[in-house]
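Index from 1, following the sequence. These numbers come from a predicted model, not from an experiment.
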Amino acid sequence: MSNNALFYLTSNDMPLVSHADGIYIWDTTGRRYIDGCSGAITCNIGHNHPTVKRAMVEQLDKVAFSYRTQFESQVALDLANKMVDLTDADLQKVFFVGSGSEAVESAIKLAIQYFVADGQPERSKFVSLRPSYHGSTMGALGLTGYEPLEAPYRSITVGSVKVPSPDLYRYREAGVEEHIAAVLSQTEMAIQTAGPETIAAIVLEPVGGASTGGRMVTRPYMEGMRALCDRYGCLLIMDEVLSGMGRTGAWFAYQHYRVAPDILALAKGMGSGYYPIAAMMARQELVDAVGRSGGFMHGHTYAGNPLACATGLAVIDVMTSEKLVSNAAEQGTYLRRQLEQLAEKYECIGNVRGIGLLQGVELVQDKVSKQPFPAAFNAFDRLTALAKARGLLIYPRRCLNGLEGDHVLITPPLTVTAADIDDIIALFDGSLADFEQVAKEQAA
């Protein structure tokens with residue numbers, strides 16, 4: 001048990017962080033770690049970038065905070081316009097907040113208020129996937145399909161209508177096309193059972209994040225979900241808190257499928273770890289309807305503050321000037337190839353999946369049957385600890401409703417080079433060897 005006054009998820013004492021630069025972080029003992037997961041899949045442009053630091057200082061010299069109902073700031077206007085441009089004007093309005101959970105909460109509220117303004121107040125239910133993760137605040141938690149996070153709060157959250165997430169690794173149908181058709185059929189049946197006239201929106205991640213370890217969907221699936229929304233008159237909300245801002249090799253993951261949402265939630269990579277900033281983006285029509293009804297009844301104190309927006313603008317400038325989106329695509333392909341070679345080498349790797357620099361590795365006890373490790377073995381934590389002992393940071397979770405199916409995410413900053421990936425793979429290789437030895441000893 002930790003002896004300090006801080007209290008987070010873990011009860012273990014962590015090393016004290018000292019400083020960071022690029023893809024590296026040092027602790028106060030002088031030990032160096034490769035940040036192979038960008039913190040919490042956040043530090044897209046790496047640590048200690050001079051352009052962002054300079055922009056933040058310049059903004060601090062002017063004004064750090066102003067309240068959105070009293071002043072507008074030029075940097076907020078500039079960032080909003082830039083964000084619209086990055087979507088190719090698929091979404092025309094931007095609402096800045098401070099975190100991913102806030103962005104998802106904002107999306108929920110905008111959808112509800114839109115239908116109230118449109119004379120359809122009965123549309124108050126949401127459809128989301130299981131497994132999924134959409135945030136830790138109460139509305140976002142209601143959308144989340146991840147049993148350990150849901151269970152303690154089920155009595156005080158309004159749960160969504162949960163439908164199966166596509167699983168291109170463990171599906172039981174004859175092929176992927178049949179699997180996608182089955183999942184879409186189950187989704188439609190759930191909508192019909194709940195009452196189509198009560199559904200406000202379907203919420204999904206176009207690429208799975210922490211809850212599924214980079215689980216992918218297909219373009220026919222995305223087209224099918226868009227068609228369901230159009231057929232039943234509800235909205236399509238995409239959560240790109242983790243997958244957005246260039247990580248997948250496009251500015252937004254939905255662009256790979258050429259299926260646009262009505263509302264988009266973004267965070268993490270927007271501020272790249274330098275300052276908290278997130279956003280909800282929406283179609284003009286939705287915002288105009290809410291505006292005519294008296295305005296959006298929602299907001300946060302730090303929403304759109306000048307320092308946050310100056311940081312977000314500088315991050316985009318760095319990503320553009322250094323061509324980091326295309327680098328994510330190029331280096332992501334290389335990373336994937338290297339991970340697949342490790343999958344051939346190690347029996348504990350059942351599946352490698354993802355896109356760009358969002359790659360997941362699912363661990364299994366038996367490769368043929370795809371049998372997961374027993375939950376009590378805590379394979380995801382063991383591998384993460386072994387990697388950290390070697391100086392590599394990776395991101396662990398479980399992909400089977402949070403109860404089993406261990407996986408880790410390999411999601412380095414978008415600034416990585418092929419040589420950096422070689423270093424990551426070498427450390428991960430050693431960690432997997434350590435893990436297989438531990439698993440063998442456990443089984444003996």
Handout entry: Of all pairs that satisfy ring pair (Phe, Tyr, Trp, His ring centres under 6.0 Å), the ones with a partner from residues 173-224, not counting sequence neighbours
Key = Tyr171-His179

Exercise for the section: Provide the full list of ring pair (Phe, Tyr, Trp, His ring centres under 6.0 Å) pairs with a residue in residues 85-142, sequence neighbours left out, each pair given once. Expected result: Phe95-Phe296, Phe95-His298

Has [X] got a side-chain atom pairing as donor or acceptor with [Y]'s backbone, closer than 3.5 angstrom?
| X | Y | value |
| --- | --- | --- |
| Asn48 | Asp21 | no |
| Tyr274 | Ala314 | no |
| Ser38 | Thr411 | yes |
| Ser101 | Ser136 | yes |
| Asp420 | Thr417 | yes |
| Ser160 | Gly142 | yes |
| His256 | Arg219 | no |
| Ser272 | Asn44 | yes |
| Ser185 | Ala181 | no |
| Ser243 | Ala253 | no |

Between [X] and [Y], does at least one N-O distance fall below 4.0 Å, as a salt bridge requires?
| X | Y | answer |
| --- | --- | --- |
| Lys109 | Glu105 | no |
| Arg130 | Glu150 | yes |
| Arg353 | Glu362 | yes |
| Arg226 | Asp262 | yes |
| Lys440 | Glu436 | no |
| Arg283 | Asp90 | no |
| Glu344 | Lys367 | no |
| Asp434 | Arg382 | no |

Is there side-chain contact between [X] and [Y], with heavy atoms separated by less than 4.5 Å?
| X | Y | value |
| --- | --- | --- |
| Val52 | Tyr275 | no |
| Cys234 | Lys125 | no |
| Phe377 | Gln442 | yes |
| Leu110 | Met280 | yes |
| Leu414 | Arg247 | yes |
| Leu91 | Gln284 | no |
| Leu129 | Ile202 | no |
| Tyr257 | Pro206 | yes |

Practice task
Please step through side chain to side chain donor-acceptor pair (under 3.5 Å) for the pair Asp366 and Ser369, ending with a clear verdict.
Solution key: CA-CA 6 Å; Asp366 184 273; Ser369 67; 2.9 Å; yes

Over 12 foreign heavy atoms within 6.0 Å of [atom1], [X]:
| X | atom1 | answer |
| --- | --- | --- |
| Lys162 | NZ | yes |
| Tyr302 | OH | no |
| Glu177 | CD | no |

Exercise for the section: Test side chain to side chain contact (heavy atoms under 4.5 Å, CB included) on Met216 and Ile355 and set out the steps. Expected result: CA-CA 8 Å; Met216 296 292 293; Ile355 185 170; 4.0 Å; yes

Between [X] and [Y], which heavy-atom pair has the shortest distance, and what is it?
| X | Y | result |
| --- | --- | --- |
| Val325 | Gly246 | CG2-CA, 4.0 Å |
| Ala210 | Leu242 | N-CD1, 3.9 Å |
| Lys268 | Val241 | CB-O, 3.3 Å |
| Leu266 | Met281 | CD1-SD, 3.8 Å |
| Val104 | Ala265 | CG2-CB, 4.0 Å |
| Thr311 | Gly271 | CG2-O, 4.1 Å |

Handout entry: Pair Asp429-Lys345, salt bridge (charged side-chain N to carboxylate O under 4.0 Å, His left out): steps then yes or no
Key = CA-CA 9 Å; Asp429 188 352; Lys345 180 177 180 181; 3.0 Å; yes

If only side-chain N and O atoms count, and only distance matters, is there a donor-acceptor pair under 3.5 Å linking [Y] with [X]?
| X | Y | answer |
| --- | --- | --- |
| Glu188 | Tyr232 | yes |
| Asn351 | Arg215 | no |
| Tyr334 | Asp422 | yes |
| Asp317 | Thr320 | no |

Atom [atom1] of [X] and atom [atom2] of [Y]: how far apart are they, to the nearest 0.5 Å?
| X | Y | atom1 | atom2 | result |
| --- | --- | --- | --- | --- |
| Cys309 | Ile277 | SG | CD1 | 4.0 Å |
| Met189 | Leu184 | CE | CG | 11.0 Å |
| Leu403 | Leu400 | CG | CG | 8.5 Å |
| Met297 | Gln113 | CE | CD | 5.5 Å |

Exercise for the section: Quick one: do Gln365 and Lys370 satisfy side chain to side chain contact (heavy atoms under 4.5 Å, CB included)? Show the steps, please. Expected result: CA-CA 7 Å; Gln365 189 173 36; Lys370 304 178 184 178; over 6 Å; no

Exercise for the section: Start with the C-alpha gap between Val290 and Val116, add the side-chain angles, then the distance that decides, and say whether side chain to side chain contact (heavy atoms under 4.5 Å, CB included) holds. Expected result: CA-CA 9 Å; Val290 168; Val116 170; over 6 Å; no

Handout entry: Candidates Tyr346, Phe428, Phe373 - the one meeting ring pair (Phe, Tyr, Trp, His ring centres under 6.0 Å) with Phe435
Key = Phe373

Exercise for the section: Might you work through the side chain to side chain contact (heavy atoms under 4.5 Å, CB included) test for Val364 and Gln371, ending with a clear yes or no? Expected result: CA-CA 6 Å; Val364 291; Gln371 176 68 32; over 6 Å; no

